Asker: 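I'd like to ask you about the structure that follows.
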Amino acid sequence: MKKDLICISCPIGCRLTVEWENPEKISVSGNRCPRGEIYGREEALAPSRMVTATVAIESEKLSRLPVKTDRPIGREHIPSLLNQLYALELVPPVYCGDIILDDFAESGVRILATRTIEA
């Protein structure tokens with residue numbers, strides 16, 4: 001299998017070509033730093049992303065609270081995560097860093113508030 005990617009590990013944005021027959025035999029070319037090879041391998045075998053979203057909150061100041069994952073989550077889990085987040089409605093106070101969801105889908109990923117809303 002072959003996949004062309006643009007590396008997002010550093011500001012250079014190398015154009016990568018990743019080729020593999022099986023997980024043990026992966027070839028990454030086009031990278032100008034070691035992070036490109038790591039990114040290409042991960043993207044080919046188990047793509048994951050940091051997720052940022054908003055959650056409804058009963059507040060006079062804001063109607064939505066920004067949240068994010070504490071680490072990347074597998075791309076296949078993103079739609080169900082967003083569905084669960086969009087169904088939530090929080091009640092203040094919520095503080096920056098509070099855990100909104102813990103261990104989403106038994107992945108170990110936490111969803112954290114990225115803003116404080118006290119009322």
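If you're wondering where the values come from, they're calculated on a predicted model, not measured in any experiment.
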Asker: Answer yes or no: is there a donor N or O on one side and an acceptor on the other, between the side chain of D98 and the main chain of A113, under 3.5 Å?
Answerer: no

Asker: Within the 4.5 Å heavy-atom criterion, are N31 and C7 side-chain neighbours or not?
Answerer: no

Asker: When rounded to the nearest 0.5 angstrom, what distance separates CD1 in I78 from CG in L85?
Answerer: 11.0 Å

Asker: Quick one, V94 with V55, criterion side chain to side chain contact (heavy atoms under 4.5 Å, CB included). Give me CA distance, side-chain angles, the key distance, then yes/no.
Answerer: CA-CA 11 Å; V94 177; V55 175; over 6 Å; no

Asker: Please tell me whether L5 and M1 are part of a single hydrophobic cluster in this structure, the criterion being side-chain heavy atoms less than 4.5 Å apart.
Answerer: yes

Asker: Hey, any chance L82 and L101 share a hydrophobic cluster, counting ILVMFWY side chains that come within less than 4.5 Å of each other, even indirectly?
Answerer: yes

Asker: With rounding to the nearest 0.5 Å, note down the distance linking CD in E19 to CD1 in I26.
Answerer: 11.5 Å

Asker: If you look at every heavy atom in P66 and R115, which pair is closest and at what distance?
Answerer: CG-CB, 3.8 Å

Asker: Got R15 and D4 here, is their nearest side-chain heavy-atom distance under 4.5 Å?
Answerer: no

Asker: With clusters defined by side-chain heavy atoms of hydrophobic residues (ILVMFWY) lying less than 4.5 Å apart, directly or transitively, does I73 cluster with Y39?
Answerer: no

Asker: Quick one: side chain to side chain contact (heavy atoms under 4.5 Å, CB included) partners of S27, sequence neighbours excluded?
Answerer: none

Asker: Hey, any chance Y86 and F104 share a hydrophobic cluster, counting ILVMFWY side chains that come within less than 4.5 Å of each other, even indirectly?
Answerer: yes

Asker: Not counting sequence neighbours, which residues clear salt bridge (Lys or Arg N to Asp or Glu O under 4.0 Å) with R49? List them please.
Answerer: E43

Asker: Classify the side-chain pair T54/R64 by whether it contains a donor and acceptor separated by less than 3.5 Å.
Answerer: yes

Asker: Is I100 reachable from L112 through a run of I, L, V, M, F, W or Y residues, each pair having side-chain heavy atoms under 4.5 Å apart?
Answerer: no

Asker: Report yes or no: does T69 contribute a side-chain atom to a donor-acceptor pair with the main-chain N or O of M50 at less than 3.5 Å?
Answerer: no

Asker: Out of curiosity, L88 CG to N83 CG, how far, rounded to the nearest 0.5 Å?
Answerer: 11.0 Å

Asker: Applying salt bridge (Lys or Arg N to Asp or Glu O under 4.0 Å), can you list everything that pairs with R41, at least two apart in sequence or on another chain?
Answerer: E37

Asker: Could you tell me the separation between the OG1 atom of T52 and the NZ atom of K68, rounded to the nearest 0.5 Å?
Answerer: 9.5 Å

Asker: Just by modelled atom types, is the G108 backbone N or O under 3.5 Å from a matching donor or acceptor in the R71 side chain?
Answerer: yes

Asker: Would you indicate whether E89, at its atom CD, is surrounded by more than 12 heavy atoms from other residues, nucleotides or ligands within a distance under 6.0 Å?
Answerer: yes

Asker: How close do L16 and G30 get, heavy atom to heavy atom, and via which atoms?
Answerer: CD2-C, 3.8 Å

Asker: For V67 and T114, work out which heavy atoms get closest and say how close.
Answerer: N-OG1, 3.9 Å

Asker: If you take all heavy atoms of S59 and I117, which pair is closest and at what distance?
Answerer: OG-CG2, 3.4 Å

